[in-house]
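Keep in mind that what you see is a predicted model, and the values were worked out from it rather than measured. Quick note on labels: first sequence line is chain A, next is B, and so on, each numbered from 1.
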Amino acid sequence: MADLAALREEQRAIAARVIAQDALTAAPRFIGGVDISCSRFDPTQRVHAAIVVLEWPGLTEVARAGISCHADLPYITGFLAFREVPAALAAFDQLAVKPDLLMVDGQGIAHPRRCGIAAHLGVMLDLPAIGVGKSRLIGTPEAPLGEAAGSQVRLLDRGEEIGALLRSRAHSNPLWISIGHRVSLATAVKWVRATSRGRRLPEPTRLAHEAAGMVRRAACG
DNA sequence: GCGACAG
DNA sequence: ATCTTGTCGC
Ligand SMILES: [Mg+2]
């Protein structure tokens, strides 16, 4: 029983705090990937978060943290952050090396109230954050996306630019990139590309996904 | 009312 | 989100 109307208001308040201006003048030294895993048997009760920190430019791992905790909400479209952010914050606290930039599995401002998980987490930590979604929540591509790797198009919502689609690899579905906090869209796309290594997902998010699965299995979930 | 719907 | 090794196609 969640008070979705109250959560909606909370999202509007958080969205108002999002900064679309670049805080990343120089290259970030440490880049963190964030993802959450949950069991198919008990999807509403427990979540397992992982953050993997890579050092730029070698993308060598310098720290990681994983944590399991109770989820306050089941998954409800548009309210993902309330389910996953508490666990992500707990994992962040455990990190021996704090990232200068976060790449989060999910949308940033490409959200009905401009408050996807990457924006939500970025504002909570006041850290530069990028949303790296694997599918659409809202928005319309400005034009058909090219087939070649590296192709990109803007993602619009009622004429407003809310993100970009990036074909990170040929013959793969695109990434749905949007800003989370303290980055411009161009910078967000730039760092997704810079941290990609020939796979569909950029390394931070790919490794975080892998790590979260390990945390869940270790917890017998 | 109908369709869409991050993870 | 998750189930799962081999197999198919670019
Ligand atoms: Mg995820």
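- Contact check, A:R216 against C:dC3: a side-chain N or O comes under 4.0 Å of OP1 or OP2.
- Side-chain proximity of A:T77 to the nucleotides C:dT2, B:dA6, C:dA1 is greatest for B:dA6.
- Atom-to-atom, CZ of A:R114 to P of B:dA6 comes out at 16 Å; the value is rounded to the nearest Å.
- Atom P of nucleotide C:dT2 and atom CD1 of A:I36 are separated by 11 Å, given to the nearest angstrom.
- Computed from coordinates, the A:N173 CG to B:dA6 P distance equals 14 Å when rounded to whole Å.
- Surrounding CD of A:E160 are more than 12 heavy atoms belonging to other residues, nucleotides or ligands, all under 6.0 Å away.
- Summarising the geometry, the separation between CH2 on A:W176 and C1' on B:dC5 is reported as 12 Å, rounded to the nearest angstrom.
- One atom, CG of A:L121, and another, P of B:dG7, lie 16 Å apart when rounded to the nearest Å.
- What separates CG of A:D105 from C1' of C:dA1 is a distance of 10 Å, to the nearest Å.
- The side-chain tip of A:R113 points at the ring of A:F79 from less than 6.0 angstrom away and within 45° of straight on.
- Across all strands, A:G133 comes closer than 4.0 Å only to sugar-phosphate atoms, never to a base (heavy-atom distances).
- When heavy atoms are screened at a 4.0 angstrom cut-off, A:I117 is found touching base atoms of the nucleic acid.
- Of the possible donor and acceptor atoms, none in the side chain of A:H181 sits under 3.5 Å from a partner among the backbone N and O of A:H120.
- Contact annotation for A:F82: no contact, since no heavy-atom pair falls under 4.0 Å across all strands.
- Taking atom CD1 of A:I138 as the reference point, atom P of B:dA6 lies 11 Å away to the nearest angstrom.
- No engagement by A:R169 is indicated, since no non-hydrogen atom pair under 4.0 Å with the nucleic acid exists.
- Which of C:dT2, B:dA6, B:dG7 sits closest to the side chain of A:H209 comes down to C:dT2.
- By the 6.0 Å contact criterion, CZ on A:R158 is open, its count of non-hydrogen atoms from other residues, nucleotides or ligands being 12 or less.
- With C:dA1, B:dA6, C:dC10 as the choices, the nucleotide that has an atom nearest any side-chain atom of A:H171 turns out to be C:dC10.
- Atom CZ of A:R167 is separated from atom C1' of C:dC10 by 13 Å (rounded to the nearest Å).
- Of the possible donor and acceptor atoms, one in the side chain of A:Q11 sits under 3.5 Å from a partner among the backbone N and O of A:G78.
- Considering only the side chain of A:R136, B:dA4 comes nearest among C:dT2, B:dG7, B:dA4.
- Here A:G78 lies in heavy-atom contact (under 4.0 Å) with a base.
- Annotation: cation-pi pair A:K98/A:F30 absent, no NZ/CZ under 6.0 Å from the ring centroid and within 45° of its normal.
- Residue A:K134 places at least one side-chain N or O closer than 4.0 Å to OP1 or OP2 of B:dG7.
- Relative to the side chain of A:L137, the nucleotides B:dA6, C:dT2, B:dG7 differ in distance, and B:dA6 lies closest.
- Under the stacking criterion of a centre-to-centre distance below 5.5 angstrom and an interplanar angle below 30°, A:Y75 sits stacked against the six-membered ring of B:dG7.
- In terms of phosphate contacts, A:S135 brings no side-chain nitrogen or oxygen within less than 4.0 Å of OP1 or OP2 of B:dC5.
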